[in-house]
Amino acid sequence: MAKSRDSSDVHIVDPDNRAIIPLISFHVPRRFRRTIRKDPFQIRFNSDFKAVIEACADREQTWINDEIIATFLLLHDLGFAHSVEAWEGEELAGGLYGMAVRGAFFGESMFSRKSDASKISLVYLADRLLQCNFELLDAQFFTEHLSTFGAVEITRGEFRSMLDRALRIEAVFDSAYPASTGSTVLQRISQTS
């Protein structure tokens, strides 16, 4: 993480407590299910990774500097970093990005230009990770917003044990097949939670 967008330094953060979103019990709030079923956005994977990371950095307070952007663009080119994007016509309405390593996905940041776009992207991320055999979704820091989707805070030791298991799993983030409808995604997530 960087201290600001203009900072030239990057710091590794390893907090005592870590937030994860257990995929097997991923929760979609009941009222939000109606929004997802309406399919308000076209969901795409990796179609404009650069636009997503730049949008995530485009805020008054950010930890994403130019070095982080350049590093993640390289990781994306190498097949490790991925984006989930909510499009409204030709406009990028919201999304998120992160990094996949074997059975672990490290969520980095999300943004919304339209209401619910980042939250819908998160639901589609969870579905894609489940479909691709991932075991761990790291959210790094606990927030009340993420808790509505089932995020929990665990100790560093618990996180490292879960990460060790996830790194033994063969999983590949498959962005080639198109996103399903909101109803299909909700049905699949409900079957696993």
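Quantities reported herein were computed from a predicted structural model and do not represent experimental measurements. Every heavy atom of this structure was used, including side-chain atoms; hydrogens, water molecules and symmetry mates were not.
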Distance check, rounded to the nearest 0.5 Å: [X] atom [atom1] versus [Y] atom [atom2]?
| X | Y | atom1 | atom2 | answer |
| --- | --- | --- | --- | --- |
| Leu186 | Arg37 | CG | CZ | 5.5 Å |
| Ile36 | Arg31 | CD1 | CZ | 14.0 Å |
| Ile154 | Asp16 | CD1 | CG | 12.5 Å |
| Ile69 | Cys56 | CD1 | SG | 9.5 Å |
| Thr143 | Leu146 | OG1 | CG | 3.5 Å |
| His82 | Leu96 | NE2 | CG | 12.0 Å |

Minimum-distance pair of heavy atoms, taken over all atoms of [X] and [Y]:
| X | Y | result |
| --- | --- | --- |
| Ser83 | Asn46 | N-OD1, 2.7 Å |
| Pro22 | Gly150 | CD-O, 3.3 Å |
| Phe141 | Ala19 | C-CB, 3.4 Å |
| Tyr124 | Ser180 | OH-O, 3.0 Å |
| Cys132 | Ala171 | O-CB, 3.4 Å |
| Leu23 | Phe134 | CD1-O, 3.7 Å |

* To do: Might you confirm whether atom CZ of Phe106 has over 12 heavy atoms from other residues, nucleotides or ligands at distances under 6.0 Å?
  => yes

* To do: Sequence neighbours left out, what passes side chain to side chain contact (heavy atoms under 4.5 Å, CB included) with Ser115? Give chain and number order.
  => none

Backbone N or O of [Y] within a donor-acceptor pair of the [X] side chain at under 3.5 Å?
| X | Y | result |
| --- | --- | --- |
| Asp39 | Gly182 | yes |
| His145 | Phe142 | no |
| Ser112 | Ser118 | yes |
| Glu108 | Met99 | no |
| Asp138 | Phe105 | no |
| Ser121 | Ala117 | yes |

Could you check if a side-chain atom of [X] sits within less than 4.5 angstrom of a side-chain atom of [Y], using non-hydrogen atoms only?
| X | Y | answer |
| --- | --- | --- |
| Ile43 | Val84 | yes |
| Lys119 | Phe32 | yes |
| Asp127 | Gln131 | yes |
| Leu74 | Thr71 | no |
| Val185 | Val28 | no |
| Leu130 | Arg188 | no |
| Thr148 | His27 | no |
| Leu136 | Phe159 | yes |

* When the aromatic ring centroids of Phe49 and His76 are compared, is their separation below 6.0 Å? -> yes

* Audit row: Arg102, Arg168, side chain to side chain contact (heavy atoms under 4.5 Å, CB included) steps and yes/no -> CA-CA 7 Å; Arg102 299 186 61 86; Arg168 295 178 191 181; 5.6 Å; no

* Asked: Can you name the one residue among Phe173, Phe80, Phe72 that meets ring-ring contact (aromatic ring centres under 6.0 Å, His included) with Tyr97?
  -> Phe72

* Can you list the steps and then say if Asn17 with Arg156 is a side chain to side chain contact (heavy atoms under 4.5 Å, CB included)? -> CA-CA 5 Å; Asn17 294 305; Arg156 180 186 294 147; over 6 Å; no

* Asked: Same cluster for Ile169 and Ile24 if Ile/Leu/Val/Met/Phe/Trp/Tyr side chains link at under 4.5 Å?
  -> no

Which pairs would a plain distance check flag for residues 86-93, meaning a side-chain donor or acceptor within less than 3.5 Å of a matching protein atom at least two apart in sequence or in another chain?
{"residue": "Trp87", "atom": "NE1", "partner": "Glu85", "partner atom": "OE1", "Å": "3.0"}
{"residue": "Glu88", "atom": "OE1", "partner": "Lys114", "partner atom": "NZ", "Å": "3.3"}

Please determine, by modelled atom types, if [X] and [Y] share a side-chain donor-acceptor pair under 3.5 angstrom.
| X | Y | answer |
| --- | --- | --- |
| Glu158 | Thr155 | yes |
| Arg33 | Ser190 | yes |
| Arg44 | Ser175 | no |

For [Y], is there an ion pair with [X] - N to carboxylate O distance below 4.0 angstrom?
| X | Y | result |
| --- | --- | --- |
| Arg160 | Asp164 | no |
| Glu153 | Arg18 | no |
| Asp174 | Arg128 | no |

